[in-house]
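The sequence lines fix the lettering, A, B, ..., with proteins before strands; numbering per chain opens at 1. Basis for what follows: all heavy atoms, side chains included, without hydrogens, waters or symmetry-related copies.
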Amino acid sequence: MYRHLQRRLEQHIRDFLRGTYDLDLPKIVIEQPPKVELGEYALPLAFELAKKLRKAPRRIAEEVVSGIGQIPGFEKLEIAGAGYINARVNRAELAASVASDRKQSFPAPAGKVLVEHTSINPNKAAHVGHLRNAILGDSFVRLLRFAGREVDVQNYIDNTGVQVADVVVGFLQLAKKSRAEVEQLAAQPRFDYYCWDLYARVSQWYEQDKQNLQARVQALHAIEQGGNETAQIADLISIAILRRHLETMDRLDIEYDFLPRESEILHLHFWDAAFEKLKSAGVLTYESEGKNQGCWVMRRAGTTQTAADPEVSEEDQKVIVRSNGTVGYVGKDIAYHLWKFGLLGRDFGYRRFYKYPNQHDCWISTTNGQPEHPHFGDVAEIYNVIDARQSEAQNTVIEAVRALGYHQQADHYTHFSYEMVALTPRCAAELGYQLSEEDQARAYIEVSGRKGFGVKADDLIDTLIASAKKEVDARHPQLNDAERREIATKIAIGALRYFMLKFTKNSVIAFDFREALSFEGDTGPYAQYAIVRATNIFHKGGIDPESYSPGECDFAKYLDANDIWELWLSASQTSYVIDQCIATAEPAYLAKHAFQLAQLFNYFYHQHPILSESDEGRKRFLLATVAVVRRELTRVLAVLGIEAPRAM
RNA sequence: GCGCCCUUAGCUCAGUUGGAUAGAGCGUCUGGCUACGAACCAGAAGGUCGGGAGUUCGAAUCUCUCAGGGCGCACCA
């Protein structure tokens, strides 16, 4: 509703400027005044126009205010300070509209959106860094769906790469396991933890003697070729670990629609199709001499062509096809992304792989698939949730798409980049890792799967649940254990998801148990608690919060109070904030909004006793306020993937 | 060496399109539960927005420069 009024205001301003000054500004800045007393929208417009119109800002503001006339939904425009134009909405009208939850429909852009996230190498347990990726990605999916977009969620599985090969080497060379034994181990509940340790052991083994790296090369070869025992073991491992990852993410309500695997990109020859296009478009060039002799290369993203040297210098070359004829990761990624946009002319085979408790099917790629399957790919926009370290590789893929002439697709290819999660030295010490003096002095230390250094996702979730459970046990002894566990789980998920979302994407998270385990202040449970409080008011009053309607309610009479009005205003902004989140690819703004709404509500809750209110009209109004905040906060948290428990 | 990112209160972070007195949480100190449950609320202390220059009516935000930190720059993925 807030968003709707803002657009209306903007339109009236535009019409006025065009009619009076014959001006068409590229954008009209509309913001919120520092205090609600000043109004709901602020326009610094007069400052910008002062020079253009050769008039004092205040004078311009006066002309706008007196000339613009009545705007539906608005009370009036006012001049403030040196020339701000503040707009006051009709509070009662806006409140009535929010209370009845009237939706202003905005048509969503056409076309499907593809969000790729998680994409963990299927060779070890997921850790905190992967959680940030998955939670950011899943929340963005929810944001898009809230805005009415159709979204495909994909999780790319690199099942034929070095990392899987390393664990295969671990099983064969270090653990001396047979295929049957690996199969048995893979059926164990925490097979991913076993592999976590084994992977670290293999990495050490390589360091002990560089000769050992031969084993990796051989395993990698065998896996890529397929049809042998090594490849079968690799497949066994990657499938089992993948299932574990899906289970871990399912604990956080994160689901996927399709799991494209590198093995199919290889076996279905996606690269061959892409290679032909890239060659004929001249995107790739063959190097007949120099250090990249015998390779097909393209210009690395971020490097620029100079007039003096139109050829791509060796420094700026990215090898796409190696001199032995095999294609590297970036090449496969180009092919994969042409498929995403429906430009490759080939498709995966599909089969069902995983069924979520809600009956939703997750599909996986295969060479010979089922005839009936959903249509994946062929989308209008893509978002790749991949950490910032890979931005150069991502940009190279985008540039390849662009160089093939697909400008529109390249413009709708977003590297949803985020910074890593690292551990504080204290956290590392708590986990029992020995740190060098140099590392101890750092603000944070990068997690490393190779070193087995990191906090495993399931461990973190378990710790959070246990910690929440202790609190719930103490606060709600009357509930049975299953009920308390259910509540604790929701609190734990709320805390974790919020923690990963409250930081903006380009801030490195220095992970620390103390902060992540906090349930107070700027946390998920704080917002959940506000909902529980709101619900309790209704329950104590014997009213159903979902169906509550204030009936005749004189909003105008009660909304003069700025503190309560601020709460209504904030509650009306959900769609507006969500638009901002999508436009900037930044879910953190919604987390901030949830916190602010909860904070305003808690203040209100403290200031205004409701059930004991003797004035019936005022009581209805206060209950309507609670109902609206509860509804909006629940909605906002749902977009963040957080649910409020029944009690806290 | 080249490229990208970061530097805001004791700590951890917001500040999206340049705009009104730079905000939160935690921590510290003070106060508030006979309850719509205090996982809460109120108040206090705490800032040369890394340094410098520039653009602008206006800069934490844009440009340049210096300093410090992080991450990339494989015929790995």
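Distance A:Asp563 CG to B:C41 C1': 14 Å, rounded to the nearest Å. What separates CG of A:Leu600 from P of B:A42 is a distance of 10 Å, to the nearest Å. A:Asp316 places its CG atom 13 Å from the P atom of B:C75, with the value rounded to the nearest Å. Rounding to whole angstrom units, CD of residue A:Gln596 and P of B:C13 are separated by 19 Å. Nucleotide B:A42 holds its P atom 12 Å from the NE2 atom of A:His608, rounded to whole Å.
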Distances for protein N or O near nucleotides 3-6 of chain B N or O, under 3.5 Å:
| from | atom 1 | to | atom 2 | distance (Å) |
| --- | --- | --- | --- | --- |
| B:C6 | OP1 | A:Asn506 | ND2 | 3.4 |

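Across all strands shown, the partner of B:C4 is B:G70, judged by Watson-Crick or G-U wobble contacts whose two distances both fall under 3.5 Å. The pairing partner recorded for B:G23 is B:C13, the criterion being a Watson-Crick or G-U wobble arrangement whose two distances lie under 3.5 angstrom. With both pairing distances under 3.5 Å, B:C29 is matched to B:G43 as a Watson-Crick or G-U wobble pair.
For B:U16, the base is stacked against the aromatic ring of A:Tyr589, per a cut-off of 5.5 Å between centres and 30° between planes.
Among the nucleotides B:A77, B:C36, B:C13, the one closest to the side chain of A:Gln390 is B:A77. Nearest to the side-chain atoms of A:Tyr329 among the listed nucleotides B:A38, B:A77, B:A39 stands B:A77. The side chain of A:His476 approaches B:G37 more closely than any other nucleotide in the set B:G37, B:A20, B:G18.
Judged as a salt bridge (charged side-chain N to carboxylate O under 4.0 Å, His left out), and not counting sequence neighbours, the contacts of A:Asp24 are A:Arg18. Residues satisfying the salt bridge (charged side-chain N to carboxylate O under 4.0 Å, His left out) test with A:Glu287, not counting sequence neighbours, are none. With sequence neighbours excluded, no residue forms a salt bridge (charged side-chain N to carboxylate O under 4.0 Å, His left out) with A:Lys291. Residues that satisfy the salt bridge (charged side-chain N to carboxylate O under 4.0 Å, His left out) test with A:Glu31, not counting sequence neighbours, are absent from this structure.
Across all strands, A:Tyr526 comes closer than 4.0 Å only to sugar-phosphate atoms, never to a base (heavy-atom distances). A:Asn86 comes within contact range of at least one nucleobase, with a heavy-atom separation under 4.0 Å.
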Practice item. Go along nucleotides 21-35 of chain B 5' to 3' and tag each nucleotide: B for a protein heavy atom under 4.0 Å from its base, S when only backbone or sugar atoms are that close, - otherwise. Key: ---SSS---------
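Between B:C73 and A:Arg300, no contact under 4.0 Å exists linking OP1 or OP2 to a side-chain N or O.
Comment: A:Arg442 engages A:Asp439 in a salt bridge, judged by a side-chain N to carboxylate O separation of less than 4.0 angstrom. Between A:Asp615 and A:Arg620, none of the side-chain N atoms (NZ, or NE/NH1/NH2) sits under 4.0 Å from a carboxylate O, so this pair counts as no salt bridge.
For B:A39, its base never sits under 3.5 Å from the side chain of A:Asn602 at any donor and acceptor pair.
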